[in-house]
Peer 1: 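Let me begin by handing over the structure; questions about it come next.
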Amino acid sequence: EEWKDRGAAVGVRREVDADGRVTMKPVKKGVRDFTFGRILGEGSYSTVYLATDRQTLREYAVKVLEKKHIIKEKKIKYVNIEKNTLNRLTEHPGIVRLYYTFQDETSLYYVLDLCTGGELLGVLKKTGTFDVECTRFYGAQILDAIDYMHSRGVIHRDLKPENVLLDEQMHVKITDFGTAKLLRDPRDPRPPEETPGQGGEDDERAASFVGTAEYVSPELLTEKSASTASDIWAFGCIVYQLLAGRPPFKAGTEYLTFQKIVKLEYEFPPGFPSAARDLVERCLVLDPAQRFTVEHIKKHEFFAGHPFGKDLWRMKAPRLKPYVPG
Ligand code: ATP
């Protein structure tokens with residue numbers, strides 16, 4: 001019931017009545033404005049469809065959540081977190097954009113950027129590993145998107161190659177903000193006490209957090225606290241995985257994986273490139289305060305000469321090639 005349709009920046013319709021009076025009526029998109037096509041994927045609480053805007057013929061991915069299921073599984077809060085977060089992150093090419101939200105009797109709908117390239121994980125599995133050029137490109141795009149969301153007061157908390165989607169151009173679009181933490185928007189001119197973001201009530205979520213074990217930061221396991229540095233930890237895991245073909249911390253059970261993480265127990269495969277190794281080692285630091293920041297990473301030799309910002313998103317994605325040591 002907290003759900004409110006938003007993102008309805010659809011424009012206005014000019015209407016002329018019988019007396020020749022002109023009125024401007026706001027136009028809101030709804031289910032009827034889209035033609036639904038094939039299923040792109042399914043989540044635990046959602047089905048994602050390819051859909052076409054009947055007027056513009058533009059294609060989108062539409063995520064459909066069944067209300068009954070959401071209520072039964074007590075996921076209303078996360079549905080709202082995802083919507084509120086995406087509504088805050090609308091100006092970056094590296095984040096899946098939410099265009100419209102609406103509902104009918106049975107379902108909630110999110111109209112999102114279509115990512116035809118699928119998940120980064122799927123692409124990585126096809127080649128096995130990425131070479132240095134590909135790792136630099138995808139690493140840089142992920143980092144640039146992280147930089148943007150942190151600047152808007154959003155901590156993702158579940159970054160992993162499944163949550164990095166690829167668009168038509170094989171450029172990055174980060175998704176899955178259902179477990180994000182919203183801080184106060186740093187650009188909000190109102191005093192902090194009027195804009196608390198999500199405060200303490202959210203911490204119980206951090207405490208019971210079951211993301212993907214392999215990318216969880218040590219502070220989340222030991223202190224049950226997450227900060228922007230937690231996303232940097234996940235970034236280090238992803239860079240390692242792109243070059244090595246597997247995440248740094250992986251064991252038979254979740255518990256054993258957690259043990260490896262808090263003991264910083266991982267190894268580099270033979271021939272792992274040395275600049276990348278140094279970068280990963282500075283991201284995978286147990287103390288979040290000692291960990292590299294986005295700025296450190298951008299200046300690190302692994303990304304020497306690589307563009308960030310506008311130029312990065314104008315680049316053509318490199319052809320995918322596996323890493324060959326030596
Ligand atoms: P779970 O909720 O179980 O963690 P999930 O977060 O992957 O799963 P969704 O975000 O609903 O659930 O996504 C379901 C599937 O649809 C995913 O496997 C993803 O590959 C695909 N998908 C999601 N968003 C898009 C998109 N914008 N474009 C193309 N495919 C998408």
Side-chain angles (χ1 to χ4, degrees), residues 1-11 25-92 95-116 118-119 149 152-160 162-165 167 173-182 185 197-198 201-202 204-205 208-212:
E1 48 169 314
E2 275 179 58
W3 176 276
K4 256 205 273 159
D5 293 343
R6 250 202 278 172
V10 204
K25 287 237 175 88
V27 182
K28 266 186 139 193
K29 294 264 187 213
V31 188
R32 284 155 274 87
D33 294 303
F34 295 86
T35 310
F36 284 75
R38 67 183 177 93
I39 292 179
L40 294 167
E42 273 169 298
S44 336
Y45 307 99
S46 50
T47 307
V48 180
Y49 294 87
L50 177 73
T52 311
D53 182 324
R54 290 181 201 270
Q55 276 179 339
T56 64
L57 299 184
R58 189 174 161 165
E59 291 185 313
Y60 295 93
V62 178
K63 182 165 168 168
V64 184
L65 301 111
E66 204 197 334
K67 289 180 185 176
K68 250 200 277 174
H69 191 46
I70 299 291
I71 293 164
K72 195 171 78 208
E73 300 290 321
K74 302 190 165 55
K75 299 291 167 190
I76 300 167
K77 188 164 140 193
Y78 309 124
V79 167
N80 281 313
I81 289 174
E82 178 158 42
K83 187 163 71 83
N84 294 337
T85 307
L86 285 172
N87 273 326
R88 210 192 256 195
L89 303 177
T90 55
E91 316 143 283
H92 195 277
I95 311 272
V96 167
R97 184 160 166 186
L98 177 63
Y99 292 89
Y100 317 107
T101 59
F102 41 76
Q103 59 182 309
D104 58 20
E105 305 82 72
T106 57
S107 307
L108 304 172
Y109 299 81
Y110 294 85
V111 181
L112 301 158
D113 271 323
L114 174 63
C115 299
T116 51
E119 298 173 2
M149 66 198 194
R152 295 293 184 271
V154 173
I155 306 170
H156 189 289
R157 295 201 294 193
D158 196 17
L159 285 171
K160 54 181 172 179
E162 293 97 303
N163 288 337
V164 177
L165 300 181
D167 65 13
K173 293 219 184 268
I174 292 180
T175 188
D176 206 351
F177 288 87
T179 48
K181 180 169 178 162
L182 272 155
D185 191 331
Q198 298 168 347
E201 45 98 32
D202 182 58
E204 121 235 359
R205 172 63 191 163
S208 63
F209 181 55
V210 257
T212 310

Peer 1: Assess whether a salt bridge exists between K173 and D113, defined as any Lys/Arg side-chain N lying under 4.0 Å from an Asp/Glu carboxylate O.
Peer 2: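 Between D113 and K173 there is a salt bridge, with a charged N closer than 4.0 Å to a carboxylate O.
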Peer 1: Going through the checks in order, is the side-chain contact (heavy atoms from CB on, under 4.5 Å) test met by H92 and I95?
Peer 2: CA-CA 6 Å; H92 195 277; I95 311 272; 4.0 Å; yes
Peer 1: Near E66 CD, under 6.0 Å, is it more than 12 heavy atoms from other residues, nucleotides or ligands?
Peer 2: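 For E66, atom CD is crowded (more than 12 foreign heavy atoms under 6.0 Å).
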Peer 1: Report yes if the side chains of F177 and V154 come closer than 4.5 Å at any heavy-atom pair, otherwise no.
Peer 2: yes
Peer 1: Using side-chain heavy atoms (C-beta onward) and a distance below 4.5 Å, is L108 in contact with K67?
Peer 2: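 When only atoms from C-beta onward are counted, K67 and L108 do touch, with a gap below 4.5 Å.
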Peer 1: When rounded to the nearest 0.5 angstrom, what is the spacing between CG in D176 and OG1 in T212?
Peer 2: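 With rounding to 0.5 Å, CG (D176) is 8.5 Å from OG1 (T212).
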Peer 1: Looking at CG of D167 and CG of L114, how far apart are the two atoms once the value is rounded to the nearest 0.5 Å?
Peer 2: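 So the gap between those two atoms works out to 9.0 Å.
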Peer 1: Report yes or no: does N163 contribute a side-chain atom to a donor-acceptor pair with the main-chain N or O of L159 at less than 3.5 Å?
Peer 2: no
Peer 1: Give, for atom CG of L182 and atom CG of N80, the distance between the pair rounded to the nearest 0.5 Å.
Peer 2: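 Reported to 0.5 Å precision, the distance equals 11.0 Å.
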Peer 1: Would T106 and D104 count as having a side-chain donor-acceptor pair, cut-off 3.5 Å?
Peer 2: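 Side-chain D/A pair, T106 to D104: present.
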Peer 1: I need the minimum non-hydrogen distance between F102 and K29, along with the two atoms involved.
Peer 2: CD2-O, 3.3 Å
Peer 1: Report the C-alpha distance between Y110 and L65 in whole Å, list the side-chain angles of each, state the deciding distance to 0.1 Å, and finish with yes or no for side-chain contact (heavy atoms from CB on, under 4.5 Å).
Peer 2: CA-CA 9 Å; Y110 294 85; L65 301 111; 2.8 Å; yes
Peer 1: Without swapping roles, check the side chain of H69 against the backbone of S46 for a donor-acceptor pair under 3.5 Å.
Peer 2: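 No; zero donor-acceptor contacts below 3.5 Å.
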Peer 1: Do L40 and Y49 pass the side-chain contact (heavy atoms from CB on, under 4.5 Å) test, and can you show the C-alpha distance, the side-chain angles, and the key distance before you say yes or no?
Peer 2: CA-CA 5 Å; L40 294 167; Y49 294 87; over 6 Å; no
Peer 1: Just so I know, are the side chains of I71 and I76 near enough to count as touching, which here means a heavy-atom distance under 4.5 Å?
Peer 2: yes
Peer 1: Sub-3.5 Å donor-acceptor pair from the side chain of H156 to the main-chain atoms of T175, do we have one?
Peer 2: yes
Peer 1: Name every donor-acceptor pair, under 3.5 Å, that has one atom in a side chain of residues 56-63 and the other anywhere in the protein, sequence neighbours excluded.
Peer 2:
unit_1, atom_1, unit_2, atom_2, d
T56, OG1, D53, OD2, 3.4
T56, OG1, R58, N, 3.2
R58, NH2, Y99, OH, 2.9
K63, NZ, E82, OE1, 3.3

Peer 1: Give a yes or no on whether the backbone of I81 and the side-chain of N84 come within a donor-acceptor separation of less than 3.5 Å.
Peer 2: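 Here the side-chain-to-backbone pair does not exist.
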Peer 1: Quick one: are F34 and T52 in side-chain contact, heavy atoms under 4.5 Å?
Peer 2: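 Not touching, per the 4.5 Å side-chain cut-off.
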Peer 1: Can you find a pair of side-chain heavy atoms, one from L98 and one from K83, that are under 4.5 Å apart?
Peer 2: yes
Peer 1: I would like to know whether D33 and R54 meet side-chain contact (heavy atoms from CB on, under 4.5 Å); could you show each step before the answer?
Peer 2: CA-CA 6 Å; D33 294 303; R54 290 181 201 270; 5.6 Å; no
Peer 1: Please answer whether the main-chain N or O of R88 pairs with a side-chain N or O of R152 as donor and acceptor at a distance below 3.5 Å.
Peer 2: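 A pair under 3.5 Å: no.
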